[in-house]
Amino acid sequence: MVITSESQELVTKMREFIYNELLPYEKAMNIKTEELVPTEAIQWVRNRAIELGFYGITLPNDYGGQNVSLKELCLLKEELARSGSALWGFVLGEKGGVLRIGQMLESFTKEQIEKYVNPLIKGETSCCFALTEPGAGSDAKAIQTTAVKDGDEYILNGIKHFISAAPYSDFAIVICKEVVEGKFAGITAFLVDRKTNEKPGYELGETQIPISGEHGTGELIFNNCRVPSENILGESGKGFLLGIKRISQNRAIWGVTYIGVAQRALDLSIKRANERKQFGQSIGEFQAIQHMLADMATEIYAARCMVYDAIEKLENGEGDRATASMVKLFTSEVAGRVLDKAVQIFGGQGLMKGHPIEQMYRTVRMFRVLTGTSEIQRNTIAKELLQVK
C-alpha cells in the first residue's frame, strides 16, 4: 500500500494529537471506556478536533471539511482505534453523526441544512441514526415504528433500541413505516428533535453500554410524537435507501477499526512477550509464543491488505456488496482470533476485569454482530456468487 507524503502528514498530525493531547486528557479526567462519556469531555474533543481540522474531515470543503479520500479516512480511523482511546469515536465525528450526515447531504433540503446540518458540523449538536428495533435487527425491513399522516404533520409511534450515540443526540434520523389514510406508503426517514418540551412524545429510554464500552447506546421511545412534513428526509417512501445506500462503503470502512484494535493487541502482546519472565527467560523465547505472535501479525497484515484493496475499488467505482461483506466478515473474525491469542499470551492477567486485553477481548466479540452479523455477511456473499435475488 502506497501512502503519499500528504497522507502521511495527516496521520502524523493525528498521532501527535492522540498521544500528546487526547490520551493525557482522558487520564486527567479519569475517563474510562466502561462508562458513559461526560458531556463536557465530548465537547472538548469536538472543539479541539474542529480546530485541528479532523472533525467532519470527509465533508466537502464548502461544509468545512477537507474532502479527504476514503483511504485517508481509513488511515486515520485505524490510528485512532489502535490508540485505545475512550474518546476516539468523537474525533472525526462518527459518534455525533457528522460522518453519516456527510454521506447523505444530497437528501437534505436547504432549510434542513440550515437547521440541522450546519449546527452539527460546527459541533454544536449531535445526531443519531435510528433504524434498529427490538424486532428488527438483521431484518431491517421488519421495522414497526409508524408515521401516520395527519394534515401537515406525521404522528410517530414505536421504539428504537441499540441506537448508537442516542444519549448524546439532539436530534435523530428516524426510519419509519409511513401510513397514509390507513395504507402503507413505504419506508420514510424523519428528522426528529429531542427537545421534549417542544416535541412531546420523544423520550430517551433505557441507556445501554455495549460490551465495547466505547460509546453509549439507548432506546428512543416515540409516543404520539408529532413531526412536521417538512422534516421528511429525502423522498417520502424511500427512507430505507438512506440506511443501505452506502452500506458497502460503511462495512469496508469498519474493517480498519477492527484492524486497529487487533494491532493494539499485537503491540501489547509483543511487549508482554519481551518483559514477562518464566523459567529464567522471557516468554518470547518460547516457540509457542513466537508462533502465536507470527500468526497474529500475519492475519492482521492479510486483513489490512484486504481492506485497503476494497477501499481502492470503492474509490474507483468498482466496489460491490460481496467484497464489502467479505471485508466485514474477515476483519471482524481476524480481530477475534488475534485477541484470543493475546489473552493466552497474557495468561491470568489478561482475564482481569479492566485490563486492556480483557476489555478488547469483549470488544472484538461485538464486531461479529455490529453492522450486520457474520451470518448476514455470508448470506450476502453467497447471493452475489450465485446471483440470487
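Taking every heavy atom of both residues into account, Ala147 and Cys176 meet most closely at CB-CB, 3.9 Å.
Of the inter-residue distances, the one linking Leu73 atom CG with Gln66 atom CD reads 12.0 Å to the nearest 0.5 angstrom. Expressed to the nearest 0.5 Å, how far OG1 of Thr331 lies from CE of Met306 amounts to 7.5 Å.
Relative to the six-membered ring of Trp88, Lys77 misses at least one condition, a distance below 6.0 Å or an angle of at most 45° to the axis. For the pair Lys71 and Tyr308, the cation-pi test (distance below 6.0 Å, angle within 45°) is failed. Remark: Arg100 is positioned above the aromatic ring of Phe129, its terminal NZ or CZ atom under 6.0 angstrom from the ring centre and at most 45 degrees off the axis.
A donor-acceptor contact shorter than 3.5 Å is absent between the side chain of Glu153 and the backbone of Arg226. Lys160 contributes a side-chain N or O that, together with a main-chain N or O of Ile175, makes up a donor-acceptor pair within less than 3.5 Å. No donor-acceptor distance shorter than 3.5 angstrom exists from the side chain of Ser325 to the backbone of Ile381, with no hydrogens or angles considered. A donor-acceptor pair under 3.5 Å is absent between the side-chain atoms of Asn316 and the main chain of Glu318, judged by distance alone. For the pair Glu133 (side chain) and Gln144 (backbone), a donor-acceptor distance under 3.5 Å is present. With Arg194 contributing its side chain and Glu203 its backbone, the two residues share no donor-acceptor pair below 3.5 Å.
Thr109 and Glu230 share no side-chain donor-acceptor pair at under 3.5 Å. Arg272 and Gln349 are linked by a side-chain donor-acceptor pair at a separation below 3.5 angstrom, with hydrogens and angles left out of the test. For the residue pair Glu178 / Ser236, a side-chain donor-acceptor distance below 3.5 Å is found, with atom types taken as modelled. In summary, the side chains of Asp267 and Gln263 do present a donor paired with an acceptor at a separation below 3.5 Å, with no hydrogens or angles considered. Side-chain N/O atoms of Ser83 and Glu79 include no donor and acceptor closer than 3.5 Å. A donor and an acceptor atom, one from each side chain of Glu124 and Asn118, are nowhere located under 3.5 Å apart. Under the 3.5 Å distance criterion, with hydrogens and angles disregarded, a donor-acceptor pair is assigned to the side chains of Gln43 and Asn47.
A salt bridge between Asp295 and Arg337 is absent, with no side-chain N of the basic residue lying under 4.0 Å from a carboxylate O of the acidic one. For Glu275 and Lys271, the salt-bridge test passes: some basic side-chain N is under 4.0 Å from an acidic carboxylate O. Salt bridge absent: Glu78 and Arg82 never bring a charged side-chain N and a carboxylate O closer than 4.0 Å.
For Phe171 and Tyr116, the distance between ring centers is under 6.0 angstrom. Checked against the 6.0 Å centroid threshold, Tyr168 and Phe90 count as a close aromatic pair.
Cluster note: Ile155 groups with no other residue, as no ILVMFWY side-chain heavy atom lies under 4.5 Å from it.
Each of Lys13, Arg15, Arg48 was scored for a salt bridge (Lys or Arg N to Asp or Glu O under 4.0 Å) with Glu21, with one residue passing: Arg48.
Crowding of Asn61 atom CG: a count of heavy atoms from other residues, nucleotides or ligands under 6.0 Å exceeding 12.
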Would you mind writing out the side-chain donor-acceptor pairs for residues 366-373 within the sub-3.5 Å range, not counting sequence neighbours?
| unit_1 | atom_1 | unit_2 | atom_2 | d |
| --- | --- | --- | --- | --- |
| Thr373 | OG1 | Ile376 | N | 3.2 |

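Evaluation of the ring-ring contact (aromatic ring centres under 6.0 Å, His included) rule for Phe54 yields no partner, not counting sequence neighbours.
Under the 4.5 Å side-chain heavy-atom criterion for ILVMFWY residues, no single connected hydrophobic cluster contains both Leu156 and Val179. A continuous path of Ile, Leu, Val, Met, Phe, Trp and Tyr side chains, each step under 4.5 Å between heavy atoms, connects Leu70 with Val256, placing both in one hydrophobic cluster.
In this structure, Trp44 and Tyr25 have parallel ring planes: the angle between them is below the 30° cut-off, well short of the 60° mark.
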